Structures are given as C-alpha cells and as structure tokens.
Amino acid sequence: MNALAADLLRWYDANARVLPWRSNPSPYRIWVSEVMLQQTQVETVIPYFERFMQRFSNLEALAKANQAEVLQLWEGLGYYSRAHNLHKAAQLVLQKHEGQLPHTYAELLTLPGVGSYIASAIASIAFQQPFPTLDANCRRVYIRLLNLQAPLGTPALERKLGEYAEQLLPQERPGDFNQAVMELGERICTPKTPLCEQCPLQNICQAFAQGTQNSLPQRYAKPPVPHYTVTAAVITQDQQVLIAQRPANGLLGGLWEFPGGKLEPQDVSLEDCLKREIREELGLEITVEKEFGVYHHAYTHFKITLHAFLCTLLPGQSTDSLRHVRWVKPAQLTDFAMGKVDRQIARRLQQSPLPAP
DNA sequence: AATGCGTGGCG
DNA sequence: TCGCCAAGCAT
C-alpha cells in the first residue's frame, strides 16, 4: 500500500465519525445513504436516513411502498428525482435481481439514479471492490495535494484526477480509503479556511507548500441567477383548500402545491397573473379575495418572490374532471409532500382559521 | 456537453 | 444579506 493511503487510513481509523450507515453497513443502507448524500451534507442527511430506514428497513419494503409515501419521507431533502429513481430502482432490483443489489460496477450503473460516483461507492464500500470515488470532496483534496490550477470541470483536469485516484486507491480496504478521502475533505480539507494544521497529509500537500490552498479548487464564474415574481392561489371552499400535483418530472416533480405561476409581461397586476395562471392550468375562474403572505426562496438556478392569495371559485366552477387536484382540510396538508415555500403556506393555513363561508 | 435539479449552513 | 457550496445524475 502506498504511503499516502496508509497515512490516511491511520487517520481514518482514529478519527472516523460514527454514522448511521456505517453501523450495520448493508448494501441497501449504503445505497440509500449515497443517494441521499448526493449534493447534500452529512448533517442534513442523518435524520432523513434514520426516518427512511425506520419506515423502509429493507429493499423489499421500499419497493412495495407507495410513491407518495416515499416522496413524503423525502420532503425537504430536495432533488426529488432521487426519490423517484431510488424507488424505481428498488422495484427493478426486486423483480430482476431477486431483491439483491447487484455486485458489479457495470450492473450498478444501469440502475436509475446510480451514476459513476454511486456505483463506485457501493462497489467499494459495500462489496470491497477497488473502484475509486471522485466526488466534490475527493476532487478538492486531490487538486490541493497536486496544486492543480485548472478550473473544475475541464477535461484535462478530470482525466488527471481520475488517474490520480486510481493510482492512490489501495487494494485493501478500498471502501474505507474512499470514505477517508471524503471525510478528510469534509472535515479538514474544507472549501474555505481548511484546517491544514490538523491534516495528516500536510507534509505531502503541494498547495500547502505553495500557500495556495485557499484559492483551490478554481471554478468558472457562475452566471447570475434570474429573479421571478410568482403568484399562488389558496382556493378555499367549505373549509377545504385546493392543492395540485406537479408533473412527475422537472422542478419539484410529483410534489403538491398551491397552483399559480410566473408574472408575465402582459399581466397588469398580480391578481391578473393569478387569474390567468389558474385559467390556463386548471381551466377555473376565480375571485382573488385577499393577500396571504409574501415568500422569498432561492432555487439552484433562479430566485422567486411569491405572493399568495386567498381565493374562491366563481359560481358554477367544478374541479370534478381535474385528475391532479385535491380538496383537503388544512389539517390534512401534512399528508402531501410539498416544496419549502408551499409548505410554509400550508403551515400558515393550519395556524389561521379559514374564512367562514 | 451544457444545463436543470432543492435545500440548509456558513462566512 | 447574499453568494457559495455540498458523498452527482439525467438528458
């Protein structure tokens, strides 16, 4: 084993945190943890993982679950296609692999939601196979060790990182090595103000030697994010409110919301915007009664300011033919998975009585 | 291959 | 307050 791997594994053995997916590390638990950890930090994932495992303690339980319940347990974690893909993949494994997660990298890669990182992570951590992981932590650690100045994402850099990861990976304990690099990146070799004094690799780190660690890795500047004004309708009737389910794919796919949409140039007012959106999306005519809060939120690629309004249906309007809407009492809103803003609106509804008919 | 996809924590 | 960043994947 190379000296770097030996040093790092020694550090890991002495410092590795106790994490739920490290105790009782079944392939299923490791898989779920890796999907949840995608673009999401360890501290955020822990409570979600615990709840998920309590409800779906094995692959078969997950495969047989309702999609709605899976989504509900995922609410707040974001990137909801992960939940859809995980659920689909569990059903696929149950049908075609007799409930056993495949052992090979190539087979893992065919599962929906499993890409090169997660396939390597499962193969190495669950099945002790020598596949190097290359996530954001590993990239940062290797870029600093080698003092690489190229911006993230450039092909030459990616190739170099892949070769380096391959070269460092020990045949023994590949899964622990991968986790050690990631945990070093998360706790010591952090994006801002890394704790180089505590780093077991300080003496071989070229960025530390040059004093460049704080400016690595380099990135391309991100384009400015657009800001939209959005309206949402809280349509009430007989002490119930109308919610609508979003399309299965795309932003907040499959989640429930208070219907509405973006303010367009032709809208002369927020009220105008909301009436138009409800007409276009649901074919319903509404009366906009009263403001119900202003909400700010930042998604990955844009920001919104959302104006919610209490509304009522005009006489003669019916929702009977609409498949993706439900009338629910405020207390029931908890049963429907929602994004953050709509959940805030739902909570406010649960705290304030609806207007009397 | 460039872009869309959530949310929370941090400085 | 606000931009940055995170155990990436799909298309």
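All values derive from a computational prediction rather than experimental measurement. In what follows, every chain begins at residue 1, and chains take the letters A, B, ... in the order their sequences are listed.
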With rounding to the closest Å, how many angstrom separate the P atoms on B:dC10 and C:dA7?
14 Å
Need one value for A:Ala121: base, sugar-phosphate or nothing, where a base atom within 4.0 Å counts as base even if backbone is also close, heavy atoms only.
nothing
Under 4.0 Å between any heavy atoms, over every strand shown, what does A:Arg17 touch: base, sugar-phosphate, or nothing? Just pick one.
nothing
For a quick check of understanding: with a heavy-atom distance under 4.0 Å over all strands, which category does A:Arg140 fall into, base, sugar-phosphate or nothing?
sugar-phosphate
What residue pairs, at least two apart or across chains, pass side-chain hydrogen bond (donor to acceptor under 3.5 Å, both in side chains) with a residue in residues 190-212 of chain A?
A:Asn147-A:Thr212
Donor-acceptor list for residues 46-54 of chain A side chains, cut-off 3.5 Å, not counting sequence neighbours:
{"unit_1": "A:Tyr48", "atom_1": "OH", "unit_2": "A:Glu75", "atom_2": "O", "d": "2.9"}

cation_pi(A:Arg348, A:Phe292) dist<6.0 Å, angle<=45:
yes
Within residues 33-57 of chain A, which residues have any heavy atom lying less than 4.0 Å from an atom of DNA chain B?
A:Gln39, A:Thr40
Sole candidate of A:Leu168, A:Leu169, A:Leu9 that passes side chain to side chain contact (heavy atoms under 4.5 Å, CB included) when paired with A:Met1
A:Leu9
Strand contacts (DNA chain B) in residues 77-93 of chain A, 4.0 angstrom heavy-atom criterion
A:Leu77, A:Gly78, A:Tyr79, A:Tyr80
Range on DNA chain C touched by chain A - first to last nucleotide, heavy-atom distance under 4.0 Å:
C:dG3 to C:dA10
Touch class at under 4.0 angstrom, heavy-atom based, for A:Gly339 against every strand present
sugar-phosphate
Hey, are the side chains of A:Met338 and A:Phe258 touching, using non-hydrogen atoms and a 4.5 Å cut-off?
yes
Segment of DNA chain B, first to last nucleotide, that comes within the 4.0 Å heavy-atom reach of chain A:
B:dG4 to B:dG8
With respect to A:Leu274, which candidate in A:Val230, A:Leu263, A:Asp267, A:Thr231 satisfies the side chain to side chain contact (heavy atoms under 4.5 Å, CB included) definition?
A:Thr231
